[in-house]
Every structure is written in C-alpha cells, then in structure tokens.
Trainee: 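This is the structure I have questions about; it appears just below.
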Amino acid sequence: MKSKQVGILAFHGDVSEHIETSKHAAKNLQLDIKVIPVRIKNIIRHLDALIIPGGESTTLFKLCQREGMWEDMGKVKNIFGTCAGAIMLSKSVIHKIPDQKTLELMDIEIDRNAYGRQINSFEKDIDTSLGRIHAVFIRAPKILSVGTDVKILAENEGEIIACEQKKGNSYYLASCFHPELTSTVFHEYFLKKIYQN
Amino acid sequence: MNNRLGKNLAQMLKGGVIMDVVNAEHAIIAEKAGAVAVMALERVPSDIRATGGVVRMSDPTKIKEIQAAVTIPVMAKCRIGHFVEAQILETLEVDFVDESEVLTPADTQFHIDKKKFKVPFVCGCRDLGEALRRIDEGAAMIRTKGEAGTGNIVEAVKHIRAVNSGIEELKKFIKSKNIKKLKEKAKEYKVSYELLIKTAKLGRLPVVNFAAGGIATPADAALCMQLGVDGVFVGSGIFKSSNPEKRAKAIVDATAHYYEPDKIAKASEDLGEAMKGQEISALETKMALRGI
C-alpha cells in the first residue's frame with residue numbers, strides 16, 4: 001500500500017501527544033503512515049489527512065488564518081478533531097468570540113466550555129462504538145445536536161461526545177474528549193478510514 | 001486531589017502565549033490577539049516595581065470581570081505560601097493559580113501544599129531543583145521565573161538554561177546507571193527519588209514548562225521557545241509597550257513560528273516602542289530570589 005501523509009496542526013495545543021499516538025496507531029495497524037507537524041500552508045495540499053489537536057479554538061483559528069491556510073484546510077479529505085479540533089469542524093458554535101470562524105464541515109452544533117471552567121474538568125470510563133475507553137474532558141465542549149448524516153460514536157449521560165460524518169469523498173471525525181491522552185483506539189479508527197476512503 | 005487534569009490543561013496550552021491583564025479591556029485585547037489564556041492581576045509587574053508596597057492577590061471583583069469578558073482560561077496569582085488566597089481563587093473558579101514571586105511572599109519557609117487543592121497550580125523556578133520541589137508539592141505546570149517587570153530577557157534565559165543543564169546532568173547519571181549520584185541529587189534538591197528518576201528517564205520536566213519574566217519582543221519569545229520551553233508568559237511587555245494590540249499579536253505569531261526567522265522578522269516589523277526595560281544590576285528587588 002502507498003504511504004499516506006497525516007498532518008498534525010502544530011501551532012499550539014497537545015501536538016506532541018497526537019504525533020505520538022498517531023505513530024503508535026500506525027505501528028499497531030502496520031500501516032505505512034508519515035506523521036507530519038503542520039505549521040506552513042504549502043504542506044496542507046499534499047496531506048491525505050489532518051488532525052486538529054486540543055488547545056484554544058480561538059488561537060488555532062487566528063494562527064491558521066494568519067498563515068493563509070484556512071481555505072486549503074477545509075479541502076483536506078479526512079479530518080479528525082479533538083476538543084478544540086471538534087469545535088473547528090463544527091457548522092455551528094455556541095459561545096464563540098465575535099471574530100472567530102470554524103471550518104463548518106460537520107453538521108453539528110457544539111457549545112464551547114459547556115461543562116464550565118477547569119474545576120469542572122473530569123475523566124471517566126466511557127463506552128463508545130469503538131469500545132470502552134478512559135476519556136479525559138478538559139474544559140470540554142458538548143455537542144448539542146447533529147444532522148441526519150452524522151453518526152454518533154459515543155455519549156455521556158445522554159450527551160453526544162463523539163461522532164463521524166461522511167460527506168461525498170470526505171470523512172470527518174470529532175470528539176469532545178482527548179483520546180490522544182489515553183488510547184490509540186480513535187487514531188487507529190481514523191487511520192483505517194483514510195485507507196477505506 | 002486530581003492534579004492530572006491540571007497537567008492535561010497545561011498540555012493544551014503548549015505553544016501558546018499567556019498574557020498578564022489587569023482589566024476586561026486588556027483581556028479582550030489578549031484574546032483577540034490569540035492568547036491561549038490570561039493572567040488576572042491588579043498591576044503588571046513593572047507597575048509593582050514602580051509603586052512598591054505589599055502586593056497581594058487581586059480583588060475578586062476584577063477577576064470576575066475578566067472571567068466574564070473572555071472565553072479562554074483565566075489564571076490568577078496568589079502570594080507564595082498564602083494558601084487562603086489560593087482557597088479564594090479556587091472558589092472563584094480560576095483555571096490555574098500562579099503561586100507567584102511577583103507578589104510579596106506570605107511565607108519564607110513553606111510553599112503551598114498544592115495537593116490539597118482541586119484547582120491546578122503553576123509555580124516559578126530558577127533551576128531544576130526548584131522546579132522539582134514545586135512539582136513534588138503538587139504543581140501541575142512550571143514556569144521559569146526570569147525577572148518580572150524588567151523587560152530584560154537575561155534572567156529568563158539563565159533559568160531556562162539552568163533547568164536544561166540540570167536535566168542533562170540527570171540524563172548522564174541514568175545512562176551510566178550511577179544510582180549513588182542520582183540519590184545524592186534527590187537529597188540535594190530535597191525531592192523524592194521517584195520524581196528525580198522519572199525526570200531523568202523522560203529527559204524533560206514531567207509537567208509543561210513555560211518561560212516567564214522579561215519577555216518584551218517577538219524575538220524574546222522565540223528565543224525562549226528555541227531554548228526548549230513549551231510556551232511563554234508575557235507580563236508588562238505587552239501593555240507597557242506603545243501598541244499593545246499589535247505587539248500581543250506579534251508575540252503570538254513569533255511563538256507559534258518560533259523556528260522560522262523570516263516569520264519572526266515579519267512579526268517584529270513596525271511594532272512601535274517596546275517597554276523601556278531595566279538592567280538587572282540596577283534593581284532594588286529581585287523577585288526571582290523569592291521562594292525556596
């Protein structure tokens with residue numbers, strides 16, 4: 001199989017954690033994947049997939065826009081976003097700041113910092129469609145509603161916390177928690193999708 | 001309590017700039033510029049130096065005003081050893097407490113027992129021993145102290161290098177399996193042997209480490225990043241300059257693109273006057289010397 005290029009948006013956030021987890025996932029699956037930290041726009045067009053890490057969605061948006069990579073980011077065929085990354089993928093965002101934009105690729109409505117401040121951050125074991133995993137929620141968002149084409153992958157107390165959407169030739173995966181901190185399961189699932197897609 | 005979640009929040013801040021702000025207006029400028037968090041305080045360090053007197057935790061009204069104005073994390077400072085100020089900040093639900101040498105210390109013998117709190121703490125350090133002592137006490141994040149309010153990067157560089165060389169030394173000992181030396185180091189630093197070994201094996205601090213104290217230009221921020229820190233705190237450097245909006249954005253850009261001189265050059269263009277800055281030898285108070 002041909003080697004695939006997976007970019008990790010690398011300006012800010014838990015970038016090294018995503019790089020390590022992606023490499024482990026590729027190794028577990030014995031896939032020939034090249035993991036590339038992305039900070040310059042020229043790389044974007046050559047990617048088979050992009051992972052947007054946890055961090056501050058306001059900061060990530062501004063840095064992507066200033067780098068002039070915003071348009072091209074939306075054209076990457078496979079994108080996986082965790083926490084701030086999930087916000088970046090959402091069509092509609094509650095509590096965003098006035099000049100903040102998102103890629104609007106997934107038909108989901110998401111609420112930033114929906115559980116409250118850091119004191120309300122938590123971790124727990126959660127059943128997902130991909131198996132039981134230990135999920136860490138850091139000033140996490142909540143997915144309030146999803147479109148009919150969106151498949152829910154995990155819920156916590158009735159609230160959607162992970163989902164996926166196939167849109168034509170494109171594939172998107174979003175989680176409100178941080179699988180990169182505890183597991184390779186979501187990354188393996190995402191990497192497999194790149195080859196299927 | 002659970003300081004793992006605090007360490008996780010610090011991981012999410014990596015690569016970012018945390019800015020000192022004294023009111024909602026500043027906080028909004030910081031957020032717009034792309035700050036990953038703000039530090040709420042009554043006066044920026046250079047004003048603290050100018051006015052003197054005992055400097056304490058901010059008025060809760062100010063902190064609430066800043067929390068209401070922005071969506072990014074809000075941190076606040078308490079005095080070294082002043083665990084009641086920390087309790088107040090926890091009640092206010094700040095996202096991180098900075099047990100900071102910039103305020104007047106409340107205890108010369110003990111830092112706060114940070115493990116008793118749910119809110120995470122960030123603490124300053126001058127060298128590896130001080131960083132590890134704070135981590136042993138429960139700090140979820142470390143920042144090098146630098147010399148706050150001076151606009152002079154020299155002390156921040158000194159402290160980053162001291163932490164780095166301390167870690168290099170541990171790596172050497174663990175590579176040569178020199179248990180005796182490692183035990184001596186744990187004793188010298190007054191930290192647990194487990195933490196020392198963990199640090200040696202990782203080859204870095206086991207928590208996120210930012211630079212602070214004296215960062216005034218985009219180049220200063222990038223210098224700290226190239227020396228190996230995970231992000232930067234900027235205090236007086238932004239709001240004591242002639243064009244805070246532009247400088248704040250420039251420092252964010254330089255921190256994100258720290259290894260690209262052309263981008264740092266572009267960020268450095270036409271920023272107006274930087275804060276005036278001071279020679280370290282001319283200072284009346286060296287804040288970095290506070291704490292043990």
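Keep in mind that what you see is a predicted model, and the values were worked out from it rather than measured. Note on naming: letters A, B, ... go to the chains in the order of the sequence lines (proteins, then strands), and numbering restarts at 1 for each one.
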Trainee: When heavy-atom pairs shorter than 4.5 Å are enumerated against chain A, which of B/Lys32, B/Lys263, B/Glu260, B/Lys249 gives the highest number?
Mentor: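 With the most close heavy-atom pairs to chain A, the winner is B/Lys249.
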Trainee: Report the distance from atom CG of B/Asp230 to atom OG of A/Ser16, rounding to the nearest 0.5 Å.
Mentor: 8.0 Å
Trainee: Run B/Met12 and A/His178 through side-chain contact (heavy atoms from CB on, under 4.5 Å) and show every step you take.
Mentor: CA-CA 10 Å; B/Met12 302 309 151; A/His178 294 280; 3.4 Å; yes
Trainee: Specify which of A/Leu60, A/Val15, A/Leu63 makes the most heavy-atom pairs with chain B at under 4.5 Å.
Mentor: A/Leu63
Trainee: Heavy-atom count check: over 12 atoms from other residues, nucleotides or ligands less than 6.0 Å from A/Glu71 CD?
Mentor: no
Trainee: Is chain B contacted by the side chain of A/Arg39, its backbone, both, or neither, given a heavy-atom distance below 4.5 Å?
Mentor: both
Trainee: Which residues in residues 40-59 of chain A have a heavy atom less than 4.5 Å from any heavy atom of chain B?
Mentor: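 If one takes a 4.5 Å heavy-atom cut-off, the residues of residues 40-59 of chain A near chain B are A/Ile40, A/Gly54, A/Gly55, A/Glu56, A/Thr58, A/Thr59.
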Trainee: For residues 131-143 of chain A, please give each side-chain donor-acceptor pair under 3.5 Å, one per line with the distance, not counting sequence neighbours.
Mentor:
residue	atom	partner	partner atom	Å
A/Arg132	NH1	A/Asp127	OD1	3.1
A/Arg132	NH1	A/Asp127	OD2	3.1
A/His134	ND1	A/Asp125	OD1	2.9
A/His134	NE2	A/Glu123	OE1	2.8
A/Arg139	NH1	B/Asp95	OD1	3.0
A/Arg139	NH1	B/Asp95	OD2	3.2
A/Arg139	NH2	B/Thr71	O	2.8
A/Lys142	NZ	A/Glu159	OE2	3.2

Trainee: Would the number of heavy atoms belonging to other residues, nucleotides or ligands and lying under 6.0 Å from NZ of A/Lys167 be above 12?
Mentor: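 Counting neighbours around NZ of A/Lys167, more than 12 heavy atoms of other residues, nucleotides or ligands fall under 6.0 Å, so yes.
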Trainee: In this structure, are over 12 heavy atoms from other groups packed under 6.0 Å from B/Lys201 atom NZ?
Mentor: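 Not more than 12 within 6.0 Å, no.
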Trainee: Would the number of heavy atoms belonging to other residues, nucleotides or ligands and lying under 6.0 Å from OH of A/Tyr189 be above 12?
Mentor: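 Enclosed.
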Trainee: With a 4.5 Å limit on heavy-atom distance, are the side chains of B/Val36 and A/His12 in contact?
Mentor: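 B/Val36 reaches A/His12 side chain to side chain.
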Trainee: For B/Lys64, does the NZ atom have more than 12 heavy-atom neighbours from other residues, nucleotides or ligands under 6.0 Å away?
Mentor: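 No, because the 6.0 Å sphere around NZ of B/Lys64 holds 12 heavy atoms or fewer from other groups.
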Trainee: From A/Ser121 OG over to B/Leu9 CG, what is the distance, rounded to the nearest 0.5 angstrom?
Mentor: 6.5 Å
Trainee: For the candidates A/Arg112, A/Gln100, A/Lys96, A/His95, which exhibits the highest count of non-hydrogen atom pairs separated by less than 4.5 Å from chain B?
Mentor: A/Arg112
Trainee: Counting only heavy atoms from other residues, nucleotides and ligands, does the tally under 6.0 Å from NZ of A/Lys124 exceed 12?
Mentor: yes
Trainee: Does any part of the side chain of A/Gln118, heavy atoms only, come nearer than 4.5 Å to the side chain of B/Val119, both counted from C-beta?
Mentor: no
Trainee: At a heavy-atom distance under 4.5 Å, which candidate from B/Val17, B/Ile72, B/Leu13 has the highest pair count against chain A?
Mentor: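 If we count pairs closer than 4.5 Å to chain A, B/Ile72 comes out on top.
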Trainee: Give, as side chain, backbone, both or neither, the part of B/Tyr258 having an atom under 4.5 angstrom from any heavy atom of chain A.
Mentor: side chain
Trainee: Among B/Gly15, B/Ala37, B/Pro73, B/Ala35, which residue forms the greatest number of heavy-atom pairs with chain A at distances under 4.5 Å?
Mentor: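 With the most close heavy-atom pairs to chain A, the winner is B/Pro73.
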Trainee: Please flag which part of A/Glu180 lies under 4.5 Å from any non-hydrogen atom of chain B: side chain, backbone, both or neither.
Mentor: side chain
Trainee: Chain B heavy atoms under 4.5 Å from A/Ile97: which part of the residue, side chain, backbone, both or neither?
Mentor: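 Looking at A/Ile97, just its side chain touches chain B.
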Trainee: Any side-chain to backbone donor/acceptor pair from A/Lys62 onto B/Ala33? Under 3.5 Å, distance only.
Mentor: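 No, A/Lys62 side chain to B/Ala33 backbone: no donor-acceptor pair under 3.5 Å.
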